[in-house]
Structures are given as structure tokens and as C-alpha cells.
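Step one of this worksheet: look at the structure below.
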Protein chains: 2
Amino acid sequence: MQLDERKYLILQAIIDDYILTAMPVGSRTISRKSGVGYSPATIRNEMSDLEELGYLDQPHTSAGRVPSNKAYRLYVDHLMKTVKLTSDERERMQDHLVAKSKQVEGVIRSAAGVLSDATKYTSVIVAPKLSTLRIKHVQLVPVADRLALMVIVTNAGIVKDAVISVPEGMTADELYAVSRTLTEKLADKPLEAVRQAFAELLRNAEYNRKLLGETLQVIEKRLEAGGDASDVIVGGPANMLEYPEYSDVSKARNFLAVLESKDTLRKLLSRDGSMEISIRIGPENQLPALNDCSIVTASYRVGDHSSGTLGIIGPTRMNYNRVISVLEFMGRALSDVLSEYR
Amino acid sequence: MQLDERKYLILQAIIDDYILTAMPVGSRTISRKSGVGYSPATIRNEMSDLEELGYLDQPHTSAGRVPSNKAYRLYVDHLMKTVKLTSDERERMQDHLVAKSKQVEGVIRSAAGVLSDATKYTSVIVAPKLSTLRIKHVQLVPVADRLALMVIVTNAGIVKDAVISVPEGMTADELYAVSRTLTEKLADKPLEAVRQAFAELLRNAEYNRKLLGETLQVIEKRLEAGGDASDVIVGGPANMLEYPEYSDVSKARNFLAVLESKDTLRKLLSRDGSMEISIRIGPENQLPALNDCSIVTASYRVGDHSSGTLGIIGPTRMNYNRVISVLEFMGRALSDVLSEYR
DNA sequence: TGTTAGCACTCAACAGCATCGAGTGCTAAC
DNA sequence: GTTAGCACTCGATGCTGTTGAGTGCTAACA
């Protein structure tokens, strides 16, 4: 059996209705809808077919139908008609985004807030992979006797800083001199090229080898591992509680627990390098606790490279239309803010 | 009617039991407890008196009794016997705390985590008031053409940094020179004395007045307002969901909403300068949404001054004993980490 | 006079049962 | 191919009776 025009129409009507109400949809409801000119009985026949084909589920015999994950998949791939954001909305989002500091973490934090506000779902943003950034400036600031703060400024802005230990008795002036050398050698290099640059630096080192070595190590560590917890940022964690899917406290707890594990989140949001929207529905995201959630992700760029991920986690019956529009817009906006960086 | 020995004993037994079970306590339950040698009937008479005196509430006629807020007040003021943490626990907490970077925010973040883990409640920590800190080092790092990152290192560690705008065409070397001047003049001054120091600097300014002026402004702004959102940090927000008091989703939502408003939290945790533990029970905290929560707070020092607040928010029937012990210990530990700062 | 046993009473929680109604599947007529 | 009609299903709702934890009161006891 194949899906004909009418089946598509009815399936779409069911999904649209279910996204709105979260209640099983009956044949009468669909029949009454404008654009569907059939009686409940006809709809019922079609629904029965759709159930057999795996697009609908029936919670119990005398209830309406509920879209299956397969239906959502079909919906996002073929049925969905995209809606535009109003220019008003766009402006508001843009405004909230740029009115923040030039620090990468700050920008991302505000972006996560904007995302969750605009969608009423939970948003997650992964900070730019350091490997895609270019160094503009490196500076060591003395902090204590044997400690210095390393600030790395990249083309995306200020990257979170790290404290490194330095040799005893190093003065502020000496640290500054080292900083100058570092900046000189590393400026405009992608972080990936840091290794070679450092090797060279170490060969004809005027300054303490150990210091340079440690600095290199720190940069490298951040480069590969993807850094510490703070580079996965969650917006509107409590939004999910608004939906009847999570009126069960223990479910809500599980959900919040997932949000607290930054590693899990990073894995959940990982994606290939393409700039396209990716949608994972229900079990497709491989995490039992999120079995009735969908995750929609997009990429943002810094400079020329695809660099980080922004995403929305919501119930499988989420408003995919709107979420996609918002993510696309915010992906571009975020790319702009982090790239065109003045 | 006055409270005699026996009434104290019974009241304490009731509170202890209720804290454990969150279920109305009956006379038989108390009677069976070791240390109470009376029959249920006697207990009932006493309970009746205690209810009349306002220490107990009865949800309905045939239910047991529940401690009133007045009872909790009496309990924490007089009845409670303090328990010690095991040295094992202390060590574990200490370990988790110190194994972190030297940045104030990082230390506080990890402290909040330790607190919420140790108590199973939600923890909140307010970052040190800048006015109590002493400057050790100020440095401007070039970020873009007309922007610089100002890093302030204090006796507590690295204070969150701010981006300020600088005059066009300022080189890194010039910025460094300004930084040196700033550091020289401000070193070891409390942030409060910054104003005078700056006035002096401005009078015989070798470097650009505008830059110095703006830098001063930034420092001052952070000094008075108490800074931005990131200096109130919440640990274990989802812990509250474990308690039957919050099995109602809408209650849980309200609670989480409070945690998202950093301003409200800062007000909730405000306290006089003393180092003593403060306990606010139920309505005492003036916030309807937290009417059946208690808030226990303690202070920590940086150097010689009382400087910031750490607190626990939990149900009114929380384990005050343990919470107080944990807060006292962590207050000291946090003071040490931030003060003895090597 | 303080303590306790006994007893009638109260009331939330729970299980059982009938009712209701939204929704279905099937059949027959259009 | 479409639709009206109808019997059927089953969760939700509400009513009822039962149970049991817990109380207050009274009277007996030490």
C-alpha cells in the first residue's frame, strides 16, 4: 500500500493537531478541519490504513490516534510547510543577542537564553571548537607567585582563560615579554598550527623552555578535548516542565539530570560538519532518557569554518517548523556576531 | 501554659520524625520511640496542648500532627543537638573544593556543587563583594582595534573580567604601560580606595585620561552593583524534585523559576555582616513561592572581611543539623581557599 | 494528681461498581 | 468510493462502602 495525496493530507492534519494539543486525535476532529472534505467514517478508514503502515499509534481501542516517530520523520522530511519568522521577532532576537560582551562565553550564554525564550523549549549550545579558531593575541597575566592567567584572544573573541604555573620569581615584565613573543609567533595561526609554531619557539627559546612547554600543553589540551564543562551551555532548562509530557516528576528529574551532564549533551549534539539542520526524533538520539524527545541542531561558523552547534531539545511533538526557523536564524546571527567581530 | 521538659522532648521527637518521613506523626509512633516512656494517650494529651500553643498543626482530625513554622523556629533555636561531620566527609568535601582553578568563579562553582551534593538540597553562593577585596594586579589585554579586556587580580584570585573600549590606535605596548601604572598605583589597595587613587592618577596622568576614566568607571560599577548575573551561582537545582513536597509539577516550576532570577536570589541571601549562621523558616523569607522552604545561610571571608554568602534552600522540614554543619565547614573551607591564596 | 486503658468517633485512602462519552470498526446503503 | 448508522470498547468520572490510622474523652488506676 502506498501513501496517496489524501493520506498525506490526513496525516499532516493529525500531526498538526497533535503538536498543538498533545491529545489523541479523533476522526471527527480531523473531519471538521477546513481543507478536509471527508466524513469521519472516511477519515477512520484512512486512519486505519495509516496505523497499519506504522504512521499512527492508538493508545487504546477507544482513543484517537497519535503520530508515531515514523510519522514525525515523514513530516519533517516531506510534509512540513516552512513558516517565516516575522521581522519583528527577528529584530527582537538579534537585539537580545548582540547587546552583550565580547567574550565568547557571554555571547553563547545570551544566545542560549534567546533560543529558549523564542521556542519555549530547552536550548543547548556548544562553544566553538578551538581548532577552528585563529589566534589574535596571547597574554600572560601574573596572578600569584608562581601562577599566571593565560588569556587567548581569537578571531571569535576572548576564549576562556586558563591558569598555568610559571617558574618562580618571574616578574610581570618578563611575562609580558613572553606574551609578546607568543603573540608574534602565533598571531593569525589557526590553533591547530600551534604545535609547529611552538616547536620552533622552543628551539631558539630566549625565554624559559618550561614555561613555553606548559603554555603549549594548556593550549593543546583545550584544543583536543573540547575543553571544560562551561563550553556546553543550556538555556531554559525548566521550560520542559511546561509540557504535559513532563507532568510526571520522575520523568522531569531524568530530563534535568541529562542536562546536567555536559559530556552527554556534547555527544548528543555532535554532528557532521555540514551546515544543514539535523533532526533526531525520539529513539534516534540513542538515549533512553530522551526517548520521547526530539533534538534539532544547526551549526554556526566562526570565520570560514563550521565551528559549533546550537540545538533545541523538546518533546517529539515539538513545533518543528518554528524551531527550525529560529535555529536557522540564530545560527546565522551567532556566526555573524562571532565572526565579524570588530 | 509553659513548655515543660516533657513537652520539649515530645516536640523534638515529632520534629525529628517528620524531618525523616514527611508524614504526619501519630502518638503511637512517638510512644514507641526510645527515650520516651509514655503511652500514646499521654502523648496525645501533650500533643493537644502543643497544638493549642501553636507548635503543631493537624492536617485533618484523624491524621497525626505536623510541626508548625513556630516549632521549627523553636527547634533550630533551642532543641536541636548539633552533629559533627565525619572526618571522612570533611576530607571528601575539601578535596572536591580545592582541586579547581584559581579563578573566583571556578572556585565558587565547585563549592556550590559540593554543597548540593553533600546536603541533597539546592545550594546558592554569592560571589565575594568586590568592595572587600584588595587589588593585586590590573592588566589590559588588547582584544580588537578599540577594545581591551581588563583583568583584575585580587587577593581572592581572578575576578571576572570586563571588556572596555580604549582610544583608537592604542598599541599593546601602550596598554601594557598603562596596566603597569594602574597596578603600581592600585596594588594592595582595597577596591574601595580605588576612587582616590584614580583621582590622583588622573591629575598627573601620563597616559590618556579617557582610558583611565573609563577603566575607573568599570571598576566602580562592578564595585557597587555587585556585578552581573554570573556572581550568584546555583548548585543542584534539580535536587528539590527529590522531595515529596515538590511532587507537584507546578510547585517545582515555581521553585525553578525563583532559581533563575539571580536578583531575587541575591536579595534572599542578603544578610548582615556577622559570620553566624542565619536561618529563615517558611514565610520568614518573604517570598510566597518559597513559603514552605527554609533558607540557611552562612558567610565566608576573603582576607579579613566578611565577603560573600553561601546558603542552602530546602523544604522547611530540612535536616537543619546537617545543613548547618555542612555550611559551617564549607564557609571555613571557602574562606581558606579564597584567602590563603598562594 | 498524673498516667493509662478503653472506646466511640473522624476522615483520608482505597477498592469496587455503575455511568458517561469520545472514539472506533463494521456493515449496509447511497 | 463515500457515508450513515450502530454496536462495541475503554478511560475518565463519580458514587459507595470499607478499612485503618489516628484522635478526644472518660473512667479507672497507682
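- Contact between the side-chain N/O atoms of A:Ser48 and the OP1/OP2 oxygens of C:dT24 is not found at any separation under 4.0 Å.
- Nearest to the side-chain atoms of A:Thr29 among the listed nucleotides C:dG23, C:dA5, D:dT3 stands C:dG23.
- In this entry the distance linking OH of A:Tyr18 with P of C:dG23 reads 14 Å, nearest Å.
- With 3.5 Å as the limit, one finds a donor-acceptor pair spanning the side chains of A:Ser27 and A:Arg44.
- Between the C1' atom of C:dG23 and the CD atom of A:Glu51 lies a distance of 13 Å, rounded to the nearest Å.
- A salt bridge links A:Arg322 with A:Glu89: at least one charged nitrogen is closer than 4.0 Å to a carboxylate oxygen.
- The residue among B:Asn45 and B:Thr61 whose nearest nucleotide of DNA chain C is located toward the 5' end is B:Asn45.
- For B:Ser62 against C:dT10, a side-chain-to-base donor-acceptor contact under 3.5 Å is present.
- For the residue pair B:Tyr75/B:Asp16, the side-chain donor-acceptor check at 3.5 Å is satisfied.
- Taking atom CZ on B:Arg44 and atom P on C:dT10, their separation rounds to 16 Å, with Å as the unit.
- For B:Ser116 (side chain) and B:Gly113 (main-chain N/O), a donor-acceptor pair under 3.5 Å exists by modelled atom type.
- Between A:Leu50 atom CG and C:dG25 atom C1' the separation is 16 Å, expressed in whole Å.
- Taking atom CD1 of residue B:Ile43 and atom P of nucleotide D:dT23, one finds them 10 Å apart after rounding to whole Å.
- In this structure, A:Thr42 reaches the bases: a heavy-atom distance under 4.0 Å links it to at least one base atom across the strands shown.
- Taking the nucleotide of DNA chain C with the nearest heavy atom to each of B:Pro59 and B:Glu46, the more 5' of the two is matched to B:Glu46.
- Scanning all heavy atoms of the two residues, the minimum distance from B:Leu269 to B:Thr309 falls at O-CG2, 3.5 Å.
- One atom, NE2 of B:His60, and another, C1' of D:dT23, lie 11 Å apart when rounded to the nearest Å.
- As rounded to whole Å, 15 Å separates atom P of D:dT3 from atom CZ of A:Arg28.
- Across every strand in view, C:dC30 sits in a pair with D:dG1 that passes the Watson-Crick or G-U test at under 3.5 angstrom.
- If you measure from atom CZ of B:Arg65 to atom P of D:dG22, you get 12 Å, rounded to the nearest angstrom.
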